[in-house]
Amino acid sequence: MRLQIQPLNKRAEFVIPGSTEETLTYCVEHLMHAYREAILDHGAFYIALSGGSTPKAIFEKLTTSPIKEEIEWNKVHLFWGDERSVGPNDPESNYKMAMDAGLAKMGIPENQIHRMKAEGNIQAEAQAYETLLMEQLKSRPLDYLCLGMGEDGHTASLFPGTAALTETKRKVVANQVPQKNTWRMTFTFPYINSATKIVLYVLGDSKKDKVKEIFSLEQILYPVQQVGTEDNKALWILDTAATALLQQNTP
Ligand code: 6PG
């Protein structure tokens, strides 16, 4: 599938592959392209996953024939970009979602699956996860970072108005999220923006108002707008439902 990638602003580009199904297919192709490049370059694929409904559908496709046979799963290293403060068996867990979507059954070595342990002492565990990232990746960047956008403009667990938005030194922090009355563990913007490929999946009708607003904003009002840099642009992958209010799609 060859589609035109267009500039969104100085830190991001976007592509609209079509319907939900066409867009999911594009997401999988995009990820597989990055996978092949990483394997050729350094023999491993370091990917960080997010929670949300779109990643779930993507993980299901990746772990189903014919795609699953294309992947050398023992070369895949899984990380997470954010996690809720729940245990690994909780229905709210991003780790559980990914595992249940099929990743548990692919034979990825256990020592290459790095869940965020956000259910205990979340501050200490965030520090430990940052150390783990440095040990595992050495000075290498993540090959691929999957993100979503919440309807309030959050991404990962970087919610509007929260302290983690302004973090400049840490890679991973515990972030208090008053709007959800909870704590979350999350990558910070400096670490998000250091990944080799940064992808934002934005699908579905519920996103269309925020997409319309963000696509016409000059200034930064929402966390998701801080994803990507001039030198390392993020790619927004959107479906027609999420972009229904953009001018180019109106007859
Ligand atoms: C989480 C996420 C979060 C998510 C967005 C979009 O743990 O909730 O990582 O940032 O990606 O809220 O979610 P959807 O894909 O379900 O819209």
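Note that these values count all heavy atoms, side chains included, but never hydrogens, waters or copies made by symmetry. Whatever order the structure lists ligands and atoms in, that order sets their numbers, starting from 1.
Taking the six-membered ring where tryptophan is involved, the planes of Tyr35 and Phe45 are perpendicular, since the angle between them exceeds 60° and thus also 30°.
For Glu130 and Lys171, the salt-bridge test fails: no basic side-chain N is under 4.0 Å from an acidic carboxylate O.
Aromatic ring centres of Phe215 and Phe14: separated by under 6.0 Å.
Connection of Ile113 to Val76 is established within a shared hydrophobic cluster, with ILVMFWY side chains joined at heavy-atom distances below 4.5 Å, either directly or through further cluster members.
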Pairs under 3.5 Å, N/O atoms on ligand 1 and on the protein: can you put them in a table with the distances?
residue: ligand 1; atom: 7 (O); partner: Asp82; partner atom: OD2; Å: 3.1
residue: ligand 1; atom: 7 (O); partner: Arg84; partner atom: NE; Å: 3.0
residue: ligand 1; atom: 7 (O); partner: Arg84; partner atom: NH2; Å: 3.2
residue: ligand 1; atom: 7 (O); partner: Asn94; partner atom: OD1; Å: 3.4
residue: ligand 1; atom: 7 (O); partner: Asn94; partner atom: ND2; Å: 2.9
residue: ligand 1; atom: 8 (O); partner: Arg84; partner atom: NH2; Å: 2.6
residue: ligand 1; atom: 9 (O); partner: Gly51; partner atom: N; Å: 3.2
residue: ligand 1; atom: 9 (O); partner: Asp82; partner atom: OD1; Å: 2.7
residue: ligand 1; atom: 9 (O); partner: Asp82; partner atom: OD2; Å: 3.1
residue: ligand 1; atom: 10 (O); partner: His154; partner atom: NE2; Å: 3.3
residue: ligand 1; atom: 10 (O); partner: Ala156; partner atom: N; Å: 3.3
residue: ligand 1; atom: 10 (O); partner: Ala156; partner atom: O; Å: 2.7
residue: ligand 1; atom: 11 (O); partner: Gly51; partner atom: O; Å: 3.3
residue: ligand 1; atom: 12 (O); partner: His154; partner atom: NE2; Å: 3.0
residue: ligand 1; atom: 15 (O); partner: Ser53; partner atom: N; Å: 3.3
residue: ligand 1; atom: 16 (O); partner: Ser53; partner atom: N; Å: 2.8
residue: ligand 1; atom: 16 (O); partner: Ser53; partner atom: OG; Å: 3.0
residue: ligand 1; atom: 17 (O); partner: Lys207; partner atom: NZ; Å: 2.4

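Under the side-chain contact (heavy atoms from CB on, under 4.5 Å) criterion, Pro109 pairs with Asn74, Asn111, Gln112, sequence neighbours left out.
By the 6.0 Å and 45° rule, Lys117 does not stack over the aromatic ring of Tyr129.
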